[in-house]
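Take a look at the structure below.
In this text the structure is predicted, and so the values were computed from the model without any measurement.
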Amino acid sequence: MATRESVEKFIQQCEDALRNAHAQYKQAEQLEHYNDTEFSNAQEHLETTYNDLMHLSLSCNAQQREQLNRMRLQLQNLQNEMTLLRH
């Protein structure tokens, strides 16, 4: 069973990944091909975070799983936006 602290710490990591990816997305919108490496790294970090989230959710209680599900939706939404962005 995942502890409350471990879930909270992981959610903070997710929020950090989302902030970084949002920043890279905004830069890519403005600069197009200028920051391809950073953009790709942000996408990769989102994917790794998503995979970690799915793994952690297997050992959570219902309330924790709901928190992680909301975070999963945010991660997936940003992943989709970054994939569809023409940069």
Side-chain angles (χ1 to χ4, degrees):
M1 168 87 45
T3 65
R4 181 178 56 85
E5 289 179 28
S6 65
V7 172
E8 288 175 3
K9 182 178 176 183
F10 184 74
I11 287 177
Q12 183 62 46
Q13 290 174 348
C14 290
E15 289 171 352
D16 292 342
L18 285 168
R19 268 192 296 279
N20 179 45
H22 273 292
Q24 293 304 321
Y25 180 83
K26 287 185 186 283
Q27 278 188 334
E29 282 183 315
Q30 296 170 354
L31 303 175
E32 296 185 6
H33 295 285
Y34 182 71
N35 66 338
D36 282 344
T37 303
E38 292 88 356
F39 188 85
S40 296
N41 288 344
Q43 283 182 304
E44 185 177 330
H45 190 227
L46 281 178
E47 181 67 21
T48 302
T49 303
Y50 176 83
N51 291 336
D52 292 345
L53 182 147
M54 296 307 291
H55 187 276
L56 180 62
S57 69
L58 297 174
S59 62
C60 291
N61 64 32
Q63 182 182 7
Q64 292 169 331
R65 205 170 296 116
E66 179 59 31
Q67 282 182 296
L68 292 177
N69 187 46
R70 282 186 252 124
M71 187 56 67
R72 178 187 62 81
L73 294 173
Q74 291 179 44
L75 291 168
Q76 282 182 316
N77 185 43
L78 187 53
Q79 282 180 310
N80 291 338
E81 288 178 25
M82 291 180 85
T83 300
L84 296 174
L85 180 66
R86 292 176 154 246
H87 82 289

Please table the atom pairs, donor to acceptor, closer than 3.5 Å between any side-chain atom in residues 8-19 and protein atoms at least two apart or in another chain.
residue : atom : partner : partner atom : Å
Glu8    : OE2  : Arg4    : NH1          : 3.1
Gln12   : NE2  : Asp16   : OD1          : 3.2
Asp16   : OD1  : Arg19   : NH2          : 2.3

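Rounding to the nearest 0.5 Å gives a distance of 16.0 Å between OH of Tyr50 and NE2 of His45. The line from CG of Asn80 to CG of Leu85 is 12.5 Å long, rounded to the nearest 0.5 Å. In this structure, the separation between NE2 on His22 and CG on Leu78 is 4.5 Å, given to the nearest 0.5 Å. Note: Leu46 CG to Gln24 CD = 10.5 Å, rounded to the nearest 0.5 Å.
In terms of heavy-atom proximity, Met82 sits nearest to Tyr25 at CG-CD1, 3.9 Å.
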Report the C-alpha distance between Arg72 and Leu75 in whole Å, list the side-chain angles of each, state the deciding distance to 0.1 Å, and finish with yes or no for side chain to side chain contact (heavy atoms under 4.5 Å, CB included).
CA-CA 5 Å; Arg72 178 187 62 81; Leu75 291 168; 5.5 Å; no

Should Glu81 and Asn77 be marked as a side-chain hydrogen bond (donor to acceptor under 3.5 Å, both in side chains) after you check the CA-CA gap, both sets of side-chain angles, and the distance that decides it?
CA-CA 6 Å; Glu81 288 178 25; Asn77 185 43; 3.2 Å; yes

side-chain hydrogen bond (donor to acceptor under 3.5 Å, both in side chains) for Arg70 and Gln74? Distances and angles first, verdict last.
CA-CA 7 Å; Arg70 282 186 252 124; Gln74 291 179 44; over 6 Å; no

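Side-chain atoms of Leu68 and Cys60, non-hydrogen and from C-beta on, do get closer than 4.5 Å to each other. Residues Thr49 and Leu53 form no side-chain contact, since every pair of their non-hydrogen atoms from C-beta on lies 4.5 Å or further apart.
With sequence neighbours left out, the side-chain hydrogen bond (donor to acceptor under 3.5 Å, both in side chains) criterion links Ser6 to Thr3. Scanning for side-chain hydrogen bond (donor to acceptor under 3.5 Å, both in side chains) contacts around Arg65 gives an empty result, with sequence neighbours left out.
Formation of a donor-acceptor pair under 3.5 Å by the Glu66 side chain with backbone atoms of Gln63 is not found in this model.
Under 3.5 Å, the side chains of Gln43 and Gln79 contain no donor-acceptor pair of N or O atoms.
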